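Computed from a predicted model, the values in this text were never measured in an experiment. Letters A, B, ... are given to chains in the order of the sequence lines, protein chains preceding strands, and every chain is numbered from 1.
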Amino acid sequence: MPVHNSEIASIFDHVADLLEVQDANRFRVRAYRNAAATIRDQSRAIADRVEEGEDLSDLPDIGEDLAGKIAEIVRTGELPLLEDLSGEVPEAIVEATRIPGIGPKRARALFEALGLASLDELAEAAEAGRVADVDGFGDKTQARIRDALEEKDTGERRFRLDVAEDFAEPLVKWIRRIDGVDKAEIAGSYRRRKETVGDLDILAAGEDGGAIIDRFVDHDEVEEVISQGKTRSTVRLRSGLNVDLRVIPKASWGAAMHYFTGSRAHNIAGRRRAQDRDLKLNEYGLFDGETRVAGDTEEEVYDRIGLPWIAPVLREDRGEITAAEKGELPALVKLDDLKGDLHCHSDASDGKNTLREMAEAAQERGYDYLAITDHSKRQTQAGGLSEGDLDAQIESIAALNERFDGFRLLAGCEVDILEDGTLDFSDDLLDRLDLVVASVHSHFDLDEEDQTERILRAMENAHVHVIGHTTGRQIGQRKGIALDMERIVKSAADQGCALELNANPIRLDLSDVHCRMAADHGVKIALSTDAHSTGGLGNIRYGMDQARRGWLSADDILNTRGWSALSALLARR
DNA sequence: GCCGTTTTCGGCCCGACTGTTTTCAGTCG
């Protein structure tokens, strides 16, 4: 089994963790972390590149040494350096660094001073009051350790974007009404529209930071004030969501938005560019010595470091800076480009609304078409249609279309991909449909080889236009099925089969990296909601954000085409 | 350990807040 990129990245991250506890050169630690990030963001399998004899040191942050180590991992599945380090540093110390406020230095100091060997022993020591006896530690840190270990709070919890929105939007509106606040916006991964966010970063412009923050920490939903200064505060809401509020002067707005939108890696790259130009970039502005030369707007900041404005969704240090430099940033797809939705359900299967209601909702959104893709017969629990039911639905759709002007319901189906990769309906029946989406809804536990073959076989059926929610993952709830995505994408390209980007915020499947991989291979993406009600069509914006994070342009998306162009494309299968 | 308009050495992003100590290292974002 080839080694996955994520496995190589994890090994490097683990090495970095262990080196950090050993108090190794911090730039060496950073080198391992940077390399891990680079590897994680590659859309192609690193293992394949090694097999093909490619020079990995061409990749950013991978030099001769790390290229050699990657080759070794690909060959043997192991890295001797990691084995050595693991023998020298107790894993429990690394685990202890996940306690908020405890980093590598303090974790190691504690374990050495108290002769600890496990987190359980650390919990006992905190309970017995021995932590506060260690030099440099006091009662507060001891209480923090005790509480964190009691709650098993590793600080790792992430919130789905749509869930975070429910808390974030009312909160930022409330902050805007605080006296002295000129404006306030949410920055961070929320603004970059990541599928999950770890915390909310809210930026407010105002002069009297102390007073604004006093009001902020007084908000009803604040459960705990983690830190509170004159310009910055961190609180935990009752929901468990952490919120950072940062107050800056109005003149620094653009620089601060840039800074707090991140990502961290994108910021570091930006500050390096500033340095190269003998400037200094921080959240207050871009400075030439003591003089601020930019900072009002993000555009101005980018401009002065020689770049066009870069959309927040691209700010992940995945090549956007080089692309911006060369004037090769993608023309990102936008909501207005969409002409329809290619996956939704009616009350004929497990949807809530009738065909007519779904059609009217789609017209209200300004769409030219909507594909009705109810479940096939295998999906009994979801009211899957029998052959006869689908037959009747095709007729109903044809009758409805008679009444529409400039709009069309597409007769479709979300047909089940069975365990062996065959489909739940006959080719003859599928042949009568405008659009066929084929999806996996069962046997999630097959191994990677079988699962991949299963999808490949489904794609070989020329009646299949789109593979629905390809990995089947549900964010925070269910891992996706084991798939060799590169084989899937290559085959999709060969077959002319599209892959779906499912806009449901629980799915967002494909991921951003997979979107980009697909586009790089020329595979078209169906950007669809999988709506089960008229309201569900509104989820399209989450899928749009994900598509943009995947660098997709309108041409990469199937349903930016009008019906005649789309039907011509579909007929080519 | 990586990188290079100062290219094989000597740099490596920047600032706020906390806890513990009394001037700052560590941690975090």
### Message
Each nucleotide in nucleotides 21-29 of chain B should get exactly one letter: B, S or -. Can you fill that in based on protein heavy atoms under 4.0 Å?
### Response
S----SSSB

Rounded distance in Å - [atom1] ([X]) to [atom2] ([N]):
| X | N | atom1 | atom2 | value |
| --- | --- | --- | --- | --- |
| Leu245(A) | dC17(B) | CG | C1' | 14 Å |
| Asn34(A) | dC3(B) | CG | P | 9 Å |
| Phe287(A) | dC14(B) | CZ | P | 12 Å |
| Phe27(A) | dG11(B) | CZ | C1' | 8 Å |
| Gln275(A) | dG11(B) | CD | C1' | 9 Å |
| Arg144(A) | dT18(B) | CZ | C1' | 8 Å |
| Arg30(A) | dG1(B) | CZ | C1' | 11 Å |
| Lys69(A) | dC2(B) | NZ | C1' | 12 Å |

### Heavy-atom neighbours of Arg44(A) CZ exceed 12 at 6.0 Å
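Enclosed.
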
### Task
Using a cut-off of 6.0 Å, state whether more than 12 heavy atoms not belonging to Glu64(A) lie near its atom CD.
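Counting neighbours around CD of Glu64(A), 12 or fewer heavy atoms of other residues, nucleotides or ligands fall under 6.0 Å, so no.
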
### Message
Using a heavy-atom cut-off of 4.0 Å across all strands, would you classify Arg272(A) as base, sugar-phosphate, or nothing?
### Response
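Sugar-phosphate, no base atom in range.
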
Do [X] and [Y] have side-chain atoms, one donor and one acceptor, less than 3.5 Å apart?
| X | Y | value |
| --- | --- | --- |
| Glu448(A) | His4(A) | yes |
| Gln42(A) | Arg49(A) | yes |
| Arg315(A) | Ser263(A) | no |
| Arg292(A) | Ser252(A) | yes |
| Asp120(A) | Ser118(A) | no |

### Task
Please step through salt bridge (Lys or Arg N to Asp or Glu O under 4.0 Å) for the pair Arg158(A) and Glu195(A), ending with a clear verdict.
CA-CA 10 Å; Arg158(A) 295 189 68 85; Glu195(A) 57 198 30; over 6 Å; no

Taking atom [atom1] in both [N] and [M], compute the distance separating them and give it to the nearest angstrom.
| N | M | atom1 | answer |
| --- | --- | --- | --- |
| dT21(B) | dA25(B) | P | 14 Å |
| dC14(B) | dC9(B) | C1' | 25 Å |
| dC17(B) | dT23(B) | C1' | 15 Å |
| dT20(B) | dT27(B) | C1' | 14 Å |
| dT6(B) | dG11(B) | C1' | 11 Å |
| dC3(B) | dT8(B) | C1' | 11 Å |

### Query
Is there a Watson-Crick or G-U wobble partner for dT18(B) with both distances under 3.5 Å, and if so, which one is it?
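Pairing partner, where one exists within any strand: dA25(B).
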
For the side chain of [X], counting heavy atoms from C-beta on, which of [options] is nearest?
| X | options | result |
| --- | --- | --- |
| Gln228(A) | dC12(B), dG15(B), dT18(B) | dT18(B) |
| Lys140(A) | dG1(B), dT20(B), dG15(B) | dT20(B) |
| Ser227(A) | dC17(B), dC2(B), dC14(B) | dC17(B) |
| Tyr284(A) | dG19(B), dG15(B), dG1(B) | dG15(B) |

### Query
Taking for each residue the nucleotide of DNA chain B bearing the nearest heavy atom, is the 5' side occupied by Gly138(A) or by Gly229(A)?
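Upstream on the strand: Gly229(A).
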
### Task
Report the residue (Asn267(A) or Ala67(A)) whose heavy-atom-nearest nucleotide on DNA chain B is the more 5′ of the two.
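Result of the comparison: Ala67(A).
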
### Task
Kindly say if Lys280(A) contacts the phosphate of dG15(B), meaning a side-chain N or O under 4.0 Å from OP1 or OP2.
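Looking at the OP1 and OP2 atoms of dG15(B), one of them is under 4.0 Å from a side-chain N or O of Lys280(A).
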
### Query
Between Thr141(A) and dT18(B), does any side-chain N or O lie under 4.0 Å from OP1 or OP2?
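Answer is no, no contact under 4.0 Å.
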
### Query
Checking side chain to side chain contact (heavy atoms under 4.5 Å, CB included) against Leu307(A), which of Arg273(A), Glu320(A), Glu299(A) comes through?
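For Leu307(A), the side chain to side chain contact (heavy atoms under 4.5 Å, CB included) check succeeds only for Arg273(A).
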
### Sole candidate of Leu82(A), Ile73(A), Asp17(A) that passes side chain to side chain contact (heavy atoms under 4.5 Å, CB included) when paired with Phe12(A)
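One option only clears the test, and that one is Ile73(A).
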
### Message
Glu316(A) and side-chain hydrogen bond (donor to acceptor under 3.5 Å, both in side chains): which single residue from His266(A), Arg192(A), Lys194(A) fits?
### Response
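The passing option is Arg192(A).
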
Heteroatom pairs (N/O) under 3.5 angstrom, protein to nucleotides 6-10 of chain B:
none

